[in-house]
Every structure is written in C-alpha cells, then in structure tokens.
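This report refers to the structure that appears directly beneath it.
All values below were derived from every heavy atom in this structure, side-chain atoms included, with hydrogens, water molecules and symmetry-related copies excluded. Note that this is a predicted model, so its numbers are computed, not measured. Chain A is the first sequence line, chain B the second, and so forth, proteins listed ahead of strands; every chain is numbered from 1.
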Amino acid sequence: MDMDKLVSLCKRRGFLFQSSEIYGGLNGFWDYGPLGTELKRNVKEAWWRDMVTGHDDLAAPPGAPEAFQMVGLDSTIIMHPQIWKCSGHYDLFHDFMVDCRESKKRYRHDQVRGRWVAYQGKRVFVTTQSGGDEGVAETAQRALKLFGLRGKDAERLAWEGELVSLMTVADFAQVLGPDAREPGTLTEPREFNLMFKTYVGALSGEEGAAFLRPETAQGIFVNFKNVVDSSRVSVPFGIAQVGKSFRNEITPRNFTFRSREFEQMEIEFFCHPTQSPDWYRFWRDRRYRWYVELGLAGERLRLRDHDKEELSHYSCGTADIEYAFPFLPPGEFGELEGIAHRGDFDLRSHMEGKLVRQGDSLVVETDAEGKPRHKGSGKDLSYYDDVTRERYIPHVIEPSAGADRATLAFLCEAYQEDKVPDEHGNPRERVFLRLHPRLAPIKAAVFPLVKKDGMPEVAQNIYRDLKQQFNVYYDEKGAVGRRYARQDEVGTPICITVDGPSLTDGTVTFRDRDTLRQWRVKVEDCREELAKVLRGEQLAISS
RNA sequence: GCGGGUGUAGCUCAAUGGUAGAGCAAUAGCCUUCCAAGCUGAAGACGAGGGUUCGAUUCCCUUCACCCGCUCCA
C-alpha cells in the first residue's frame, strides 16, 4: 500500500490535518478532522467498553487466573514535579547533549569520557564513548593518531589520570570529540529535555516549574491508594485511563506515528506478586486479541516478547504488539502497545523515592551524602488483604497502548483498492476503507435513488429514525454511484437506498461496502437490520 | 540538530522577471431509476518573511513544513 495515498485521503476527506497548517504547520502535531475524530473516538470507546465498562467483574475471562475488577480514572496532565523525579522520567528524559561540528554527531554529555594527555607542550582531553579497558585503549590509539606518532612512541605521551567524565572539563577547545580528527569541535553542552516544561502559577519562576506528563501511568500510581480506599475494589483489579501525553521527540516523523502530543490508553493492573506472571501472560494475550478482533488480523500484526537484555531494569517481562506500518522498511514493525510486568517498582518508587537496580533488588538511589536522590512521598502504598490477612505491595502489569498509533494502524489496514464495474460494466478503480463496523466513523448512509417521486421524503424519515441510534449520513446529490463511492472511501459499512419499489412495497436496499451485495429490508426493520449488520451477524441476503 | 531533496487550487500537473492555465475532486442547479455519466454556473493556488528590481511565483538570503539518510527514540 502506498502511504502517500492514505495520507492524501486522510486530508482530503477530513481524517487528519497537520496542526496549525495555515501558519505553515508545526512539526510533530496533528489535528483530527470531522471523520478522524469519529474514528479515534470509536477506537477509544471500543477500548474503554472492552476493557472497563463491558468487563464482567464476576467471572474469570478465558486465560485469567480469576475474576477481577476494572475501574477508570482521569488524572491531570500537569502533576507534582516530584512524580517525574521518582518515576525516573526526569533523569532519563533530561540530558545535556553536546554536538560535534566536524562529525555532526550528538552525544550525551554524561556519557562521553576521556583522558588528559600532553605531548610537546600541548594538552588535550581525548574522548571516547567506551568505558574500562576498551576506553583506555581507544584513547591511547586516538592520541597517537592525533600527534602523528607510531605505536612504539606511546611512552612519549604523558597521560594524566584515569578515564573521567567530560562533565569534569570546562574548556572544550582542548577536547578531541569521540569522532573528530581535531580538538575543539564540540559545542557547549545544551539542555535537552524530552518532557515539556511549563510553569504553575502566574510567576514563571523555577519554583513553579512543572512538566506536561510524558505518560498517563503515573497518574494511576499516585492515585492507587485513593482508588483502593474509595471504590471497594480488591486485588486483583485494574485502573484504566485514556488521555493526552507529551514528549518532545527529537525527530517526529512518519505521519502521526511519532507525535509530540499524543493520546494513550493505559491500564495498570494490580495483583499479588506470586500471581503476577500469570496475569502478565493473560494481559499480553488479551490485548493482542483485541487488535485482531477489530480487524488487524493479518501478518502485519505481531506479538513480540522482549529479549532479556531489552528489558527495563525493573521489568521481569515485556511484550510489544507491533504493526508493520507501510512507511516502515520491509520487515520492520512499529510499536502499538507495550505490555510490561513492572513488579512493585512504581508503587515503591512513590513510597520510598527513585529506585535503581542493585544486583537482584531495587534500592533507593542515593546522592553523594547518602541521602535519596529523589525523595518519595513517604506514604504507605501497600495493600492489606482482609481475607488472607496479608500486607504487601502489589505487582503491576501495564498494558500501555497508543490511541493515535492504533487509529493509524486501523486506517492502514483498512485501506483497500479494487475494481468494480461502472455503469457500462467496465472495471473502474475503487478506493475504500474496510474498517470494522465498530470503528467506522459513519455507520450507514441513506440515499434516495433519485431526487424525485417522493423518494427523498422516505429516505429522510429513515435517516431521522436511524440517527437516534447511529451516526448516519444523508445524501441526495448527483448520481447514486458517486454517492456509494464517496461512502466507500470513508469506510461506511452500509448504504441504504430508497428506490422505485420502496414506494409501493415499503422496502429499501441495503448495500454492503466490501462485497457490493444488495438485499431488501422493510423500512420498519432498518434499525434492527443495521444493528445486526454492525454487530457482524450473518447478513440476511434475500435478493 | 546535521546533510540531500521538495514546496503553484483539495489532488495531479503546466507556464512565466510583466494579468498564473488545465484535468480530476468539491460546490450550486438541470438531468438522472443502482455503483464517480452528461450539461450549465460560480468558486478556488505561487508555504512564510526579507532582499535585488520599475516590477519577483520566477533570481538571492532567511525561515517553516514535508520526504530520504544520519542522530535520537525511558
């Protein structure tokens, strides 16, 4: 599939627009047009319905260890800045970077290290990105090259001390960049913040500095105790949240795939530590199935378990649900959702402070004085089980999905081209979106075959009746074939046409988007028939 | 952030240092009895800013956006 055609269709029919377009656009931001808004709403509502309001609290679904509860939450985008310090985002997302004017490469200031060396009165800080013996060898090698010496002259170089961080160096004119041939090519360190910074309060002083959330998850963790204390849930249970998140991506690209403002659909599922591997597998499979059920059924969708090396320091299992987007190189997949086993990392972080791995356990990271690097809330977020009389910190399974990415994947998967016969029976190119009926922005279109003989009046009555239950669209302009084509292009599953026989026998035709099949339905049965078709029940073909 | 490429109507494409043109789409109407037909009407563009010039869509500079590669992506 040609991505350009989809992008063009999205703009032409009002699914997606570039943000601030009349001012030249803004990189990494996208607006949803009238139809895109409906589509994305449907994606989010399907998720909410399937995960939360439609979930049966009383019985264990297939693959689940036991029955569980699901509740919702809507937390704020701006939260206490300490949350991001304890969660680890502040340290991970907040770096100083240096650029090399010569090699055009960029490095993290804290990851470049090097050694001071002197030769014939010249003193240079030779850098490397490697540590340990490798770094020592590399700096030795590069110093020889810089001064035009051979290996046997190595002892003529006067080294000063061990490998140290670039952060200890003030004058960059004497620094030889990791990929440079001459010293002095590195820029001053520049602050690089992947979180959007803002200021709370009318005075924009640093004491009011805060961040737009880079994920919705933390809002759930910090409300864990509130939810437990207020909503009669007991472990195991999940808290779901849908909402905007913000990341200052360095290279937003690939349509809406990597946007700076995006929407997430996240669940934090709290369970007993001994049961957590079973719950992890349940959620991994459940979430994969959700995409399949809504139409991403082909080989372009896959479930991929992370390798051990790929796991975050706190995770004991992570899987990605990925889709082979058409804009990616063949064989590459883009992440739609990550399902992570996060252990007790998050709740403990917000109790004790930012955690780091030490051997097999997580401990509070400390500063030079032995105090916590980022202090936690100090609140007890453990859970007391009334039945077993056990107190513990629940483990967390986190299925974290991107609403915009899912929407984009559904669009890509739905895009179809085929040939249908025109009025003379000659094949004509057709573009249509084979969207799942639950996702389709418009559920049905109602047409009078021609704009006379009382057909519009009948069609309008059907339209008004259906409108009470479904998002339907009325159109009486031009040839009916054109109207069909327009609806196909935006994925409307059914077109209902009032024709000659309608006026005498009270039936109308239903036309199926994918097969072009038509069958007759009584006017008074339209609502029920449409509901049936949208539920995916067998089409009642009678003509 | 770097390098290369591209910016003309919703889309596809013209032309031009001196009034920017077409096809398709969209739109209003006529016609039309099942898959973008036809006729008529009206509407619609040089990404933005600056410079050179009597005059710039065209030449120059800057900027913004998009595409490709690098970099980045807890």
Side-chain angles (χ1 to χ4, degrees), chain A residues 3-5 7-14 17-29 33 84 87-95 97-108 179 187 190 192 194-195 214-215 217 247-255 257-258 260 310-315 318 327 329 334-335 338 340 342 345 400 418-432 447-453 455 476-489 495-503 508-513 516-518 543:
Chain A
M3 194 61 196
D4 290 344
K5 287 187 182 171
V7 174
S8 163
L9 186 150
C10 283
K11 176 166 187 194
R12 189 158 40 82
R13 298 307 309 271
F17 307 125
Q18 191 178 18
S19 166
S20 317
E21 193 182 338
I22 63 168
Y23 285 102
L26 191 59
N27 197 341
F29 297 88
W84 307 111
S87 71
H89 287 86
Y90 182 83
D91 292 338
L92 275 165
F93 274 24
H94 188 259
D95 292 313
M97 309 289 279
V98 294
D99 291 308
C100 177
R101 295 188 194 90
E102 183 190 316
S103 68
K104 306 296 180 196
K105 295 204 172 187
R106 168 173 293 162
Y107 313 94
R108 270 177 56 177
D179 298 284
T187 62
R190 281 180 293 190
F192 219 80
L194 263 37
M195 287 196 289
E215 63 169 34
R247 293 180 198 183
N248 231 332
E249 299 287 353
I250 294 169
T251 314
R253 211 164 270 194
N254 291 330
F255 208 22
F257 183 76
R258 180 164 296 143
R260 287 175 163 148
E310 214 179 335
L311 295 178
S312 307
H313 58 287
Y314 47 75
S315 182
T318 299
F327 47 75
E335 182 183 340
R342 298 178 62 91
F345 175 80
S400 168
D418 68 356
K419 287 199 163 54
V420 305
D422 67 10
E423 56 171 348
H424 305 297
N426 301 318
R428 185 191 161 118
E429 281 276 328
R430 176 176 77 133
V431 170
F432 66 113
F447 307 146
L449 184 58
V450 288
K451 201 168 57 176
K452 61 180 187 186
D453 299 341
M455 292 181 201
E476 60 179 26
K477 309 267 178 63
V480 74
R482 176 182 294 254
R483 286 177 266 158
Y484 285 144
R486 275 197 285 250
Q487 294 302 318
D488 291 342
E489 200 179 38
C495 291
I496 299 170
T497 304
V498 173
D499 56 11
S502 310
L503 306 173
V508 295
T509 63
F510 269 51
R511 169 196 179 270
D512 177 64
R513 174 194 67 204
L516 309 182
R517 278 188 304 204
Q518 292 186 319
S543 61

First locate atom [atom1] of [X], then atom [atom2] of [Y], and finally report the distance between them rounded to the nearest 0.5 Å.
X      : Y      : atom1 : atom2 : answer
A:S502 : A:D453 : OG    : CG    : 11.5 Å
A:R483 : A:E476 : CZ    : CD    : 8.0 Å
A:L449 : A:L503 : CG    : CG    : 10.0 Å
A:N27  : A:S20  : CG    : OG    : 11.0 Å

(message) With salt bridge (charged side-chain N to carboxylate O under 4.0 Å, His left out) as the criterion, how do A:D418 and A:R430 come out once you've worked through the C-alpha distance, each side chain's angles and the decisive distance to 0.1 Å?
(response) CA-CA 5 Å; A:D418 68 356; A:R430 176 176 77 133; 3.0 Å; yes
(message) Nearest heavy atom decides the nucleotide; on that basis, is A:K11 or A:V508 closer to the 5' end of RNA chain B?
(response) A:K11
(request) Return the 5'-most residue of the pair A:P214, A:G28 with respect to RNA chain B, ranking by each residue's nearest nucleotide. (result) A:G28
(message) Tell me the interatomic distance from A:E335, atom CD, to B:C73, atom C1', rounded to whole angstroms.
(response) 10 Å
(message) In this structure, how many angstroms lie between the P atom of B:A9 and the CZ atom of A:R12, rounded?
(response) 15 Å
At under 4.0 Å between heavy atoms, what does [X] touch on the DNA or RNA strands: base, sugar-phosphate, or nothing?
X      : answer
A:D453 : base
A:L194 : nothing
A:G500 : base

(request) Would you state whether a donor and an acceptor, one from the side chain of A:Y23 and one from the base of B:C64, lie under 3.5 Å apart? (result) no
(request) Kindly indicate whether the side chain of A:R258 and the base of B:C73 share any N or O donor-acceptor pair separated by less than 3.5 Å? (result) yes
As a test of reading the structure: which of [options] is closest to the side chain of [X], going by heavy atoms?
X      : options             : answer
A:K452 : B:C35, B:U32, B:C70 : B:U32
A:Y484 : B:U33, B:C34, B:C68 : B:C34
A:R482 : B:C34, B:A26, B:U33 : B:A26
A:T509 : B:C67, B:G29, B:C34 : B:C34
A:K477 : B:U33, B:G29, B:C73 : B:G29

For a quick test of reading the model: is some side-chain N or O of [X] closer than 4.0 Å to OP1 or OP2 of [N]?
X      : N     : result
A:Q18  : B:C66 : yes
A:R513 : B:C35 : no
A:R486 : B:C35 : no
A:N27  : B:C64 : no
A:R430 : B:A36 : no
A:K451 : B:C31 : no

(request) Please step through side chain to side chain contact (heavy atoms under 4.5 Å, CB included) for the pair A:K477 and A:R482, ending with a clear verdict. (result) CA-CA 9 Å; A:K477 309 267 178 63; A:R482 176 182 294 254; over 6 Å; no
(request) Using the ring of A:Y484 (Phe, Tyr or Trp, six-membered ring only), decide whether A:R511 places NZ or CZ under 6.0 Å from its centre and within 45 degrees of its axis. (result) yes
With [atom1] as the reference atom in both, quote the distance from [N] to [M] in angstrom, rounded to an integer.
N     : M     : atom1 : answer
B:A48 : B:A56 : C1'   : 15 Å
B:C46 : B:A37 : P     : 30 Å
B:G55 : B:G44 : P     : 28 Å
B:G5  : B:G41 : C1'   : 42 Å
B:A15 : B:G3  : C1'   : 32 Å
B:C39 : B:A45 : C1'   : 27 Å

Using purine N1 to pyrimidine N3 plus N6-O4 or O6-N4 for Watson-Crick, or N1-O2 and O6-N3 for G-U wobble, each under 3.5 Å, what pairs with [N]?
N     : value
B:G3  : B:C68
B:C46 : none
B:C34 : none

